[in-house]
Protein chains: 2
Amino acid sequence: MKALIVDDDRVLADVLAFTLRREGYQVVQAFDGETALERWQADRPDLIILDVNLPRLDGFSVCRRIRAQADTPILLLTVRDQEEDILRGLGLGADDYITKPFSPRQLVARTQAVLRRSGQRPTSSIRTVGDIQLDPSRRELGVGQGPTVSLTPLECQLLECLMINAGHVLTYDAIMAHVWGPEGGDRDMLRQLVRRLRQKLDQACPGESSRVETVPGLGYGLVLASVHS
Amino acid sequence: MKALIVDDDRVLADVLAFTLRREGYQVVQAFDGETALERWQADRPDLIILDVNLPRLDGFSVCRRIRAQADTPILLLTVRDQEEDILRGLGLGADDYITKPFSPRQLVARTQAVLRRSGQRPTSSIRTVGDIQLDPSRRELGVGQGPTVSLTPLECQLLECLMINAGHVLTYDAIMAHVWGPEGGDRDMLRQLVRRLRQKLDQACPGESSRVETVPGLGYGLVLASVHS
DNA sequence: CCCATTTGTCACAGCTCTGTCATAGCTTTG
DNA sequence: CAAAGCTATGACAGAGCTGTGACAAATGGG
């Protein structure tokens, strides 16, 4: 996921860039309106964080020009309490706004909301570990030549987590952080989810012993199946 | 994987240390900036968790000095919403930050992200002494070509303690401190644990004499097996 | 708005791990 | 030589962990 950050305040732009990179975005930057348009055309970002006050072409003009050509989500940066700017920006097609000063956490929340509303999702990338194949975009699992099995969103998250770290044992906390995020989940939820994933893996490859191993008191890991078995 | 935790809040430092040890890290601690630099040079950690507010040299200075010499990943601990500190730290070369208060799971997620971005991945932390191999991340023991045997958490702690000090006799008190922590354990618990470990070693290498020797009135040590036996 | 699916919660059974205690045998000391 | 102390061993009980099944709540789609 790529974001274009447009702000002539380079310090703030760096904080924004860092924050979004930490969330996994690719980030490009522009420090004036004209460069913003050039970057937008060259990089085709999925999201634009756009300050209103810019040299060489103001944010409103940039917004108008982009809206004449595309629906790329635009998040406006405005100065506190300038409602006139907010109304104008939203009228020109911006999707949301955030007023300075704001915390990184607010930025993350806003960008996620904008992207969710625009219906975007990352491109497909099938993961393969041993004879297990996972298509996260379709949430489909296949083991060897067995049937394709659908996974629920959380089952998919868990399997992806285990596949990324195949061959290693992940602690309960590490898995919960990956699946539910920093404050979410608990051991009971994880136990239940592991059970459901094991059932799906068994549907995809009946009769095999569990591909998810438990190291009691430590965590879970994905067993790499022997090709000969 | 070794982490250096630098925080003058000893309670928080202990919580961080416990959390990272649970994730399999070796952990060393410093409670002020100067000691942090000394520890960094002596221990060569793979990751530094660095508080900003420290006695005898603040976190920023520590960060600057380390960055002048190395790319060791640095995770800054900051107080909630002090963006100025965040900016300054990132500008000095810190790789990420986490704001207090935070949960252990946030810490785990952030450290993994930082290490992933720095291209590091956990190297195997398998210990080998003579023909004994211990994998603490799986709590598995192997002796020579014998079968792999699972250990319980305390068995694993004890064996690791003996392997670290292979060739030496450790006193009862030293072993109890390592396994149960200060003030924990007693001689009867240790005797029982040594017995259980001996049984596991025997499972892993049947028929051999005990690899754990007793020095009556003093303690226990790990016998280095002769290659010829 | 309804229905189906997904997820969270709870209770229970079984198993593992650890601590404790009793006993036997060996070693040391008086 | 006897007694005391130390070490090893075996067994048992309790706490906690793990897996499982079922049901309720939440969510999303039609």
Side-chain angles (χ1 to χ4, degrees), chain A residues 112-113 116-117 119 121 136 138-141 149-162 169-176 178-181 183-203 209-221 223, chain B residues 22 105 136 138-141 149-162 169-173 175-181 183-203 209-221 223:
Chain A
Q112 285 173 340
R116 193 186 309 128
R117 276 185 244 126
R121 54 192 180 180
R138 304 169 77 94
R139 287 194 271 104
E140 284 180 349
L141 160 70
V149 172
S150 290
L151 299 179
T152 70
L154 287 183
E155 288 165 358
C156 189
Q157 280 284 82
L158 174 58
L159 182 53
E160 193 164 23
C161 177
L162 296 175
V169 172
L170 285 146
T171 65
Y172 303 121
D173 280 347
I175 301 174
M176 291 187 297
H178 185 111
V179 175
W180 285 279
E183 303 299 337
D186 64 32
R187 290 287 304 279
D188 208 17
M189 287 159 69
L190 179 56
R191 273 206 291 280
Q192 196 60 255
L193 188 59
V194 167
R195 172 168 190 271
R196 287 174 176 142
L197 179 59
R198 280 170 167 155
Q199 287 179 326
K200 292 293 179 72
L201 284 159
D202 194 62
Q203 283 172 28
S209 57
S210 175
R211 294 303 190 87
V212 179
E213 67 170 332
T214 306
V215 179
L218 197 57
Y220 298 102
V223 175
Chain B
R22 196 171 63 187
R105 208 138 349 112
R138 296 180 152 272
R139 286 197 269 104
E140 283 181 347
L141 159 71
V149 172
S150 291
L151 300 179
T152 71
L154 288 183
E155 289 165 357
C156 190
Q157 280 283 81
L158 173 59
L159 182 53
E160 195 164 22
C161 176
L162 296 175
V169 174
L170 284 145
T171 66
Y172 302 122
D173 283 345
I175 300 176
M176 291 186 302
H178 184 111
V179 174
W180 285 279
E183 311 308 325
D186 63 32
R187 291 288 304 280
D188 205 20
M189 288 159 69
L190 179 55
R191 271 199 289 276
Q192 193 62 255
L193 188 59
V194 166
R195 172 171 188 271
R196 287 175 174 141
L197 179 59
R198 280 170 168 156
Q199 286 181 323
K200 293 291 178 75
L201 284 159
D202 193 61
Q203 283 174 26
S209 58
S210 174
R211 296 301 189 89
V212 180
E213 68 169 337
T214 307
V215 179
L218 188 57
Y220 299 100
V223 176

(request) Output the distance between atom OG1 (A:T171) and atom OH (A:Y220), rounded to the nearest 0.5 Å. (result) 11.5 Å

(message) From CE of A:M176 over to P of C:dG8, roughly how many Å is that when rounded to an integer?
(response) 12 Å

(request) Using whole Å, report how far CZ of A:R195 lies from P of C:dG8. (result) 15 Å

(request) Assess whether one donor atom and one acceptor atom, taken from the side chain of A:R191 and the base of D:dG19, lie less than 3.5 Å apart. (result) yes

(request) Check the pair A:V215, B:E140 against side chain to side chain contact (heavy atoms under 4.5 Å, CB included), reporting the backbone distance first and the verdict last. (result) CA-CA 10 Å; A:V215 179; B:E140 283 181 347; over 6 Å; no

(request) Give the rounded distance in Å between these two atoms: CG of A:L190 and P of C:dT7. (result) 13 Å

(message) Nearest whole Å is fine: how far is C:dG8 P from A:L197 CG?
(response) 15 Å

(request) Step by step, work out the side chain to side chain contact (heavy atoms under 4.5 Å, CB included) result for A:V212 and A:V223. (result) CA-CA 6 Å; A:V212 179; A:V223 175; over 6 Å; no

(request) With axes from five pairs an end, tell me the bend angle of the helix from C:dC1-D:dG30 to C:dG30-D:dC1, nearest 10°. (result) 30°

(request) Starting at CD of B:Q192, measure out to CG of B:D186 and round the result to the nearest 0.5 Å. (result) 11.0 Å

(message) With rounding to the nearest 0.5 angstrom, report the CG to CG distance, A:L158 to A:L193.
(response) 4.5 Å

(message) Rounded to whole Å, how long is the line connecting atom CD of A:Q157 with atom C1' of C:dT7?
(response) 14 Å

(message) How long is the straight-line distance from CE of B:M189 back to CE of B:M176, given to the nearest 0.5 Å?
(response) 9.5 Å

(request) Measure the CG-SG distance between A:L170 and A:C161 for me, rounded to the nearest 0.5 Å. (result) 5.0 Å

(request) Give a yes/no answer on whether the side chain of A:Y220 brings an N or O atom under 4.0 Å of OP1 or OP2 in D:dG19. (result) yes

(message) Contact between B:E213 and B:V169 at the side-chain level, heavy atoms closer than 4.5 Å - yes or no?
(response) yes

(request) Measure from CG on A:L151 to P on C:dT5 and round the result to the nearest Å. (result) 15 Å

(request) For A:R139, report the nucleic acid contact type (base, sugar-phosphate, nothing); a contact means any heavy atom under 4.0 Å. (result) nothing

(message) For a quick check, with a 4.0 angstrom heavy-atom cut-off, what is the B/S/- contact string for nucleotides 18-30 of chain C, read 5' to 3'?
(response) BBBB---------

(request) Using a strict cut-off of less than 4.0 Å between a Lys/Arg side-chain nitrogen and an Asp/Glu carboxylate oxygen, indicate whether A:E155 and A:R196 qualify as a salt bridge. (result) no

